[in-house]
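Since this is a predicted model, take the numbers as computed values, not measurements.
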Protein chains: 2
Amino acid sequence: MPTSDSHASMADVARRAGVSVATVSRALHGSPLVSVETAARVTAAAEELSFAISRVASGLASGRLGRIGLLLGGPLHGWFNGTVIDAVHDRLTPADVELTIFRIRDRAERDVFFTRLPARRNVDALIVASFALTGAEHTRLQTLGVPLVYLNQRVRGVPSVAIDDVAGARDGVRGLLGLGHRRIAFVRSVQRNPGFRYSADRRVEGFRSAMAEAGVAERDQLVVDAHDLDAGDEVLATVLTRSEPPTAVAADSDELAIGILAAVVRAGLRAPDDLSLLGFDDHALAGRLGLSTVAQPAALTAGEAADLALTLAAGRVPARRTIVVPTRLILRRTTGPVAPRAAA
Amino acid sequence: MPTSDSHASMADVARRAGVSVATVSRALHGSPLVSVETAARVTAAAEELSFAISRVASGLASGRLGRIGLLLGGPLHGWFNGTVIDAVHDRLTPADVELTIFRIRDRAERDVFFTRLPARRNVDALIVASFALTGAEHTRLQTLGVPLVYLNQRVRGVPSVAIDDVAGARDGVRGLLGLGHRRIAFVRSVQRNPGFRYSADRRVEGFRSAMAEAGVAERDQLVVDAHDLDAGDEVLATVLTRSEPPTAVAADSDELAIGILAAVVRAGLRAPDDLSLLGFDDHALAGRLGLSTVAQPAALTAGEAADLALTLAAGRVPARRTIVVPTRLILRRTTGPVAPRAAA
DNA sequence: CTGTTAGCGCGTTCAC
DNA sequence: GTGAACGCGCTAACAG
């Protein structure tokens with residue numbers, strides 16, 4: 001019988017099944033070294049005692065924790081982070097690996113994380129999502145002693161899964177150019193805490209690249225900073241009060257674009273008639289709102305990262321250490337040819 | 001020196017500091033039983049060896065895992081679940097407790113969870129969010145052997161933190177009634193997988209209660225089912241093609257309401273001029289889109305649940321085992337007095 | 001204040 | 001195919 005009123009231990013199961021703890025362990029892990037009859041007896045005994053292997057004990061003995069960490073910046077309820085958590089969890093579950101969330105909110109928490117490294121000796125692998133890590137931080141992570149996988153971020157020598165932000169933004173802007181737009185503004189979200197988004201600058205780069213390619217001089221490449229996801233009105237005002245206002249606006253995220261879209265409606269204007277609007281991400285609401293966007297398959301990216309982490313955690317060698325996931329331009333109802341009023 | 005090329009152990013630190021492992025343990029946990037000089041020596045040695053206490057070993061020895069589980073249904077990137085993860089994580093971090101996510105996507109995963117109880121012997125407490133648990137499931141959870149906290153769900157005898165869905169919906173509908181609306185439709189999200197949202201039915205109940213209170217007969221209380229968050233057009237059509245179409249629509253979630261709002265705009269109509277629209281939750285986008293709503297402070301609710309879980313996990317007795325968090329009606333731009341065209 | 005002695009519950013050699 | 005013995009790295013109870 002169990003030692004106390006709490007949980008049954010493997011020894012209890014062993015006693016009940018009339019075998020040794022070693023056999024119980026093997027049977028419960030589905031080892032082929034155990035005869036079917038014995039395995040059945042053990043399984044039955046475990047069932048009757050409501051026994052479950054303790055992950056801590058097992059982890060201590062085997063050195064494998066059965067847990068993968070996910071390091072995130074920013075709010076977990078944002079579209080990107082939420083999607084990532086979802087996708088990673090879905091890949092880990094079938095492998096019977098658990099997910100532990102590490103989140104960094106601000107500079108202070110960030111320093112604490114990299115100082116204490118709470119993931120140390122605590123996860124089998126760590127997925128690092130969308131940070132713009134400093135060199136020092138990156139070096140520090142290397143001392144963690146567990147495999148790392150970078151998500152939406154490229155660093156030489158570290159396994160990573162990422163979209164090509166430059167190409168994505170470039171394709172999006174090319175799409176606008178293809179619709180005849182020449183005066184295009186790019187709206188960039190400026191975080192209060194720099195370093196929390198790896199992609200931001202690269203998307204601006206893609207914009208500039210497409211514009212240059214179309215022969216637009218750098219000084220005519222309008223880049224507007226949004227200091228807040230709710231800065232829609234402000235951005236719209238900035239843009240529309242120019243002497244030659246743009247005919248299209250590309251934002252570096254859908255969440256930002258949606259805010260601008262709302263501002264457009266509030267201003268009594270219409271998209272795309274008065275202004276074409278393009279987002280980035282393919283946020284869950286983008287389709288519902290008809291927002292044109294550069295879709296990044298975040299779920300896929302995160303899923304690949306999880307697979308990579310699982311492989312590394314198991315000590316196996318992955319087929320590819322660096323994976324680039326493609327983006328895709330989706331034109332919905334907020335983009336249209338330039339000067340549609342003349343055409344109508 | 002460390003045994004292998006991997007991590008330093010407590011014994012290594014003890015050797016280096018010239019003390020016993022017990023003292024190292026005490027020092028690193030900030031026990032007052034250790035003299036300051038000794039503690040300093042230990043801390044220094046640990047630092048030099050990049051030593052960090054292994055949570056597994058510590059958990060095995062102490063019986064305290066330093067980890068709290070969060071059981072969720074539905075997508076983790078949805079507004080509610082995302083906000084909950086955020087808030088719970090924020091409360092656990094200062095207590096140096098980690099967060100492990102358990103997510104159930106469908107019936108099958110649900111059965112697996114309650115059969116295997118992967119949280120067993122694996123977390124110090126479990127927060128169960130927004131499920132409509134069956135009696136059997138609830139009973140099964142009791143056998144888990146760890147403290148439970150129910151979030152947005154009330155069950156006798158179990159510690160819980162929840163909003164009052166009935167009162168929330170009632171207040172919302174009362175608000176519409178106060179604006180002169182009498183023909184009000186309530187849109188309810190019908191999940192493919194029943195049992196994944198505890199609140200749904202209770203919000204309908206609140207609607208009925210407010211309507212009855214205003215003297216509207218039950219057969220005139222229009223309840224429309226939305227089988228999908230994208231069913232905006234469908235819902236709008238159902239509602240507007242009635243012989244006496246409602247002047248206001250209340251949805252049981254903001255995500256649903258936003259879909260309806262988009263449908264309204266697509267139909268060339270305007271809110272609130274042609275139709276008043278009320279949501280529920282106060283989703284991050286609600287404010288941005290001007291959506292009137294019944295706000296539920298999900299972050300607060302989840303935070304309280306986390307605190308409760310921490311208290312219970314530590315074996316302490318909480319001040320209150322049952323907490324009800326208030327909702328608040330926020331009227332923004334999608335609701336207005338009935339028949340504003342006549343008034344204009 | 002510090003060291004010693006036992007485990008915590010399981011995995012993993014080895015024998016048999 | 002199965003069992004015995006040892007160790008994973010730390011905490012806890014008791015001595016001193």
- prompt: Between B:Arg103 (side chain) and A:Asp90 (backbone), is there a donor-acceptor pair under 3.5 Å?
  reply: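 A pair under 3.5 Å: no.
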message: So does B:Gly157 get a backbone contact from the side chain of B:Arg321, meaning a donor-acceptor N/O pair under 3.5 Å?
response: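 Flag set: sc B:Arg321 to bb B:Gly157 pair under 3.5 Å.
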What is the distance from [atom1] of [X] to [atom2] of [N], rounded to the nearest Å?
X: B:Arg64; N: D:dC10; atom1: CZ; atom2: C1'; answer: 15 Å
X: B:Leu28; N: D:dG9; atom1: CG; atom2: C1'; answer: 13 Å
X: B:Asn122; N: C:dC8; atom1: CG; atom2: C1'; answer: 16 Å
X: A:Leu33; N: C:dA15; atom1: CG; atom2: P; answer: 17 Å
X: B:Met10; N: D:dG9; atom1: CE; atom2: C1'; answer: 8 Å
X: A:Arg15; N: D:dG3; atom1: CZ; atom2: C1'; answer: 15 Å
X: A:Arg55; N: C:dG11; atom1: CZ; atom2: C1'; answer: 15 Å
X: B:Arg41; N: C:dT2; atom1: CZ; atom2: C1'; answer: 11 Å

Look at [X] and [N] and indicate whether a side-chain polar atom (N or O) is within less than 4.0 Å of OP1 or OP2.
X: B:Arg121; N: C:dC10; result: yes
X: A:Ser20; N: D:dT2; result: no
X: A:Ser35; N: D:dT2; result: yes

- prompt: Can you find a pair of side-chain heavy atoms, one from B:Thr143 and one from B:Leu117, that are under 4.5 Å apart?
  reply: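 With C-beta onward as the side chain, the pair touches.
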4.5 Å side-chain heavy-atom contact, B:Pro75 and B:Arg105: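 B:Pro75 vs B:Arg105: side chains apart.
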field: Residue closer to the 5' end of DNA chain C, A:Val56 versus B:Thr23 (nearest nucleotide)
entry: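 Result of the comparison: B:Thr23.
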message: Quick check on DNA chain C: between A:Ala52 and B:Ala39, whose nearest nucleotide comes earlier from the 5' end?
response: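 Looking at the nearest nucleotide for each, B:Ala39 comes out on the 5' side.
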field: Test salt bridge (Lys or Arg N to Asp or Glu O under 4.0 Å) applied to A:Arg91 and A:Asp86, step by step
entry: CA-CA 9 Å; A:Arg91 297 289 178 114; A:Asp86 242 341; over 6 Å; no
Just compare [options] and give me whichever is closest to any side-chain atom of [X].
X: B:His29; options: C:dG9, D:dT11, D:dG1; value: D:dT11
X: A:Ser54; options: D:dC10, D:dT2, C:dC10; value: C:dC10
X: B:Ser9; options: D:dC8, D:dG3, D:dC10; value: D:dC10
X: B:Ser62; options: C:dG9, D:dC10, D:dA12; value: D:dA12
X: A:Val19; options: D:dC10, D:dG3, C:dG9; value: D:dG3
X: A:Ile53; options: D:dC10, C:dG11, D:dG1; value: C:dG11

Atom pairs, N/O to N/O, protein against nucleotides 13-16 of chain D, distance under 3.5 Å?
none

query: Salt bridge between B:Arg110 and B:Asp106, side-chain N to carboxylate O under 4.0 Å?
result: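 Here B:Arg110 does not pair with B:Asp106 in a salt bridge, since their nearest N and O are not under 4.0 Å apart.
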query: Between B:Arg67 and B:Arg55, does a side chain to side chain contact (heavy atoms under 4.5 Å, CB included) hold up when you go through it step by step?
result: CA-CA 10 Å; B:Arg67 207 172 324 125; B:Arg55 280 181 107 94; 5.8 Å; no
query: Out of A:Phe131, A:Tyr150, A:Phe114, which one pairs with A:His138 under the ring pair (Phe, Tyr, Trp, His ring centres under 6.0 Å) rule?
result: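 Exactly one candidate clears the test, A:Tyr150.
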